Protein chains: 2
Amino acid sequence: MVLYIIGLGMGTEDDITLRGLNAVKSCVRVYLEAYTSILCVGKEKLEALYGKEVTLASREMVESESDTILDGAKEGNVAMLVVGDPVCATTHTDMMIRARELDIPVEIIHNASVMGAAGSCGLHLYNFGATVSIPYFTEGWRPYSFWEKTAYNRKGGMHTLALLDIKTKEPDFEALARGKKVYLPPRFMSVNVALEQMLEAAEAKGDEEGNYGKDTMCVGMARLGQRDQCIKVGSMEELLKEDFGEPLHCLVVCADDVHELELEAMKHYIVEGSRYA
Amino acid sequence: MVLYIIGLGMGTEDDITLRGLNAVKSCVRVYLEAYTSILCVGKEKLEALYGKEVTLASREMVESESDTILDGAKEGNVAMLVVGDPVCATTHTDMMIRARELDIPVEIIHNASVMGAAGSCGLHLYNFGATVSIPYFTEGWRPYSFWEKTAYNRKGGMHTLALLDIKTKEPDFEALARGKKVYLPPRFMSVNVALEQMLEAAEAKGDEEGNYGKDTMCVGMARLGQRDQCIKVGSMEELLKEDFGEPLHCLVVCADDVHELELEAMKHYIVEGSRYA
């Protein structure tokens with residue numbers, strides 16, 4: 001029949017589209033992919049709305065066991081629910097390719113994602129360059145590739161959206177050593193940690209004309225698209241001290257040249273006492 | 001009360017979210033902004049679904065007569081419906097600022113937009129640079145600024161999304177000369193016209209290392225997010241001859257370096273006999 005890959009948007013269960021909801025209702029099995037982002041409601045809320053069971057799909061299941069998910073999709077519709085929009089993450093490509101190999105039609109049902117909602121702060125989306133990812137640094141692994149990408153964007157007058165690391169299934173190595181398979185509690189990088197790491201990279205790389213520094217205008221955003229979303233504008237140094245609350249967070253490093261209309265729309269979000277106030 | 005600015009997504013009336021629909025139902029007045037994009041259903045379909053009247057809002061109304069729209073918004077909720085996502089176009093900023101001045105709370109309800117759905121072709125969204133616009137050339141006005149932006153994106157290894165011109169309310173100057181205010185039928189730029197203009201710009205600008213030419217891989221897309229969407233991959237020269245059907249169209253100029261996983265996902269859309277087949 002059909003493999004539906006359905007975006008849930010960024011907030012609660014009622015952010016699904018009518019088309020998405022109708023598709024879910026037609027399915028014999030419904031999976032929820034929840035390791036590349038997080039939904040701010042439990043799957044019980046989804047089940048109550050859909051009137052059917054929802055199975056959590058792990059990364060292994062989505063990436064390597066597509067056949068388990070696709071099993072029986074020739075006889076009845078199957079849905080894979082995705083937080084945000086299905087084509088904004090890249091994790092479903094394998095499943096789509098596999099479905100095509102099995103001659104199962106795939107239908108994508110779009111929804112809002114951070115790539116679009118990032119425009120909520122007032123910056124114009126068409127001025128954004130490549131998106132960067134900020135991974136959690138470890139003692140021995142401190143990759144600075146986001147620094148080069150941000151530099152290139154800024155030199156071209158573009159803003160840079162930074163997506164922040166999520167760790168949802170880290171093994172607890174201490175427990176593992178005692179023979180127990182235990183996972184650490186999930187971690188979601190805050191704007192503050194991202195800024196610390198970005199400033200560390202800037203220091204390590206040395207001054208480069210045009211790249212960001214502690215005085216660069218940034219936008220910290222949390223829970224975008226949710227009713228209690230938080231948007232704050234200020235310099236890197238200023239935002240380091242701000243509290244953004246619960247996850248998910250993301251960050252925009254502005255181009256040096258922010259358009260007058262962008263500034264006008266952002267004014268509302270500038271933190272008190274900012275150099276940009 | 002509340003000014004809701006509600007994204008309708010990219011397809012039919014059932015692409016609204018449940019949250020959006022509930023908001024519309026709470027409103028005393030509902031406007032539809034329909035000059036920066038087009039909805040593929042008539043407003044009657046929306047009215048039937050919502051159970052209330054929908055007023056078409058012209059560009060003048062949205063950009064200069066916010067107060068007409070906001071009138072009474074202190075007593076009852078007002079909705080402005082927008083094709084795609086409210087923050088992906090920049091035309092609603094004025095209204096949001098005006099609402100804040102009048103102390104009217106604004107709530108944005110997100111939805112899918114072309115900025116996210118462009119990933120449907122298999123290219124990774126985080127590899128996209130700044131978005132360009134291709135305006136209809138006239139005899140005396142042939143702006144090539146998209147050429148420079150595309151060049152910069154490509155040198156940095158980024159893809160470029162090109163949004164194509166829409167003319168929905170062009171005065172008919174011949175009729176105007178006879179004293180009649182008549183508008184020309186709406187025009188929507190096709191992938192083919194966009195490619196012609198882009199190749200003209202490339203010729204006028206002369207060869208620049210790294211910028212696009214007739215052999216550059218592109219993706220032409222039409223009616224993204226709709227059930228009959230059309231996606232075709234090929235060189236500029238190859239896509240010039242392809243028919244993409246009804247509007248809206250958009251175009252992606254790929255970076256020279258397309259990732260292996262992107263290629264794998266795009267294979268499906270390559271036109272017959274392409275140099276990329």
Side-chain angles (χ1 to χ4, degrees), chain A residues 7 9-22 49 84-88 90 93-94 96-97 100 107-113 115-122 124-133 149 152-153 155-158 161 163 224-225 227 261-262 264-265 267-268, chain B residues 7 9-22 49 84-88 90 93-94 96-97 100 107-113 115-122 124-133 149 152-153 155-158 161 163 224-225 227 261-262 264-265 267-268:
Chain A
M10 309 174 68
T12 51
E13 69 277 20
D14 60 354
D15 283 314
I16 195 170
T17 64
L18 298 185
R19 182 174 163 199
L21 183 60
N22 287 334
L49 175 66
D85 184 272
V87 300
C88 289
T90 55
T93 315
D94 284 345
M96 286 172 60
I97 292 170
R100 279 186 203 138
E107 196 174 315
I108 305 278
I109 300 185
H110 294 286
N111 210 318
S113 80
M115 309 295 260
S120 301
C121 60
H124 296 164
L125 281 179
Y126 53 77
N127 290 336
F128 280 69
T131 302
V132 302
S133 293
K149 286 190 181 172
Y152 191 83
N153 283 346
K155 274 178 212 152
M158 300 184 263
L161 173 64
L163 301 179
L224 262 186
R227 284 166 179 87
L261 283 174
E262 295 179 311
E264 174 71 18
K267 226 168 51 183
H268 191 63
Chain B
M10 307 175 67
T12 50
E13 71 276 19
D14 60 354
D15 282 313
I16 196 171
T17 64
L18 298 186
R19 182 175 162 198
L21 184 60
N22 287 334
L49 176 65
D85 184 272
V87 301
C88 289
T90 55
T93 315
D94 284 345
M96 285 171 62
I97 292 170
R100 279 185 203 138
E107 198 174 314
I108 305 278
I109 300 184
H110 293 286
N111 210 319
S113 79
M115 309 295 259
S120 300
C121 61
H124 295 164
L125 280 181
Y126 53 77
N127 289 337
F128 280 68
T131 302
V132 302
S133 293
K149 285 190 182 171
Y152 191 82
N153 282 346
K155 274 179 211 152
M158 300 185 263
L161 172 64
L163 301 179
L224 264 186
R227 285 166 179 86
L261 283 174
E262 293 179 312
E264 174 73 18
K267 226 168 48 184
H268 190 63

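Protein chains get the first letters and strands the later ones, always in sequence-line order, with residue 1 at the start of each. No experiment lies behind these values; they were computed from the predicted model shown.
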Only pairs of heavy atoms separated by less than 4.5 Å count here; which of [options] has the most with chain A?
{"options": "B:Glu264, B:His110, B:Lys149", "answer": "B:His110"}
{"options": "B:Ile97, B:Asp85, B:Leu261", "answer": "B:Ile97"}
{"options": "B:Ala117, B:Ser133, B:Gly9, B:Gly157", "answer": "B:Ala117"}
{"options": "B:Asp14, B:Thr131, B:Thr12", "answer": "B:Asp14"}

Part of [X] within contact of chain B (heavy atom distance under 4.5 Å):
{"X": "A:Ser120", "result": "both"}
{"X": "A:Leu161", "result": "neither"}
{"X": "A:Leu163", "result": "neither"}
{"X": "A:Ile108", "result": "neither"}

Within this structure, what is the [atom1]-[atom2] distance for the pair [X] and [Y], rounded to the nearest 0.5 Å?
{"X": "B:Lys267", "Y": "A:Arg100", "atom1": "NZ", "atom2": "CZ", "result": "9.5 Å"}
{"X": "B:Arg19", "Y": "A:Asp15", "atom1": "CZ", "atom2": "CG", "result": "5.5 Å"}
{"X": "A:Arg227", "Y": "B:Ile109", "atom1": "CZ", "atom2": "CD1", "result": "7.0 Å"}

**Request:** Could you go through the side-chain contact (heavy atoms from CB on, under 4.5 Å) check for B:Leu18 and A:Thr17 one step at a time?
**Result:** CA-CA 6 Å; B:Leu18 298 186; A:Thr17 64; over 6 Å; no
Please flag which part of [X] lies under 4.5 Å from any non-hydrogen atom of chain A: side chain, backbone, both or neither.
{"X": "B:Leu21", "result": "side chain"}
{"X": "B:Met158", "result": "side chain"}
{"X": "B:Glu262", "result": "neither"}

**Message:** Which one wins on heavy-atom pair count under 4.5 Å against chain B: A:Glu107, A:His268, A:Glu13?
**Reply:**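 Top option by heavy-atom pairs under 4.5 Å: A:His268.
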**Item:** Test side-chain contact (heavy atoms from CB on, under 4.5 Å) applied to A:Lys155 - qualifying residues, sequence neighbours left out
**Value:**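 Partners of A:Lys155 by the side-chain contact (heavy atoms from CB on, under 4.5 Å) criterion, ordered by chain and then number, come out as A:Glu208, B:Tyr152.
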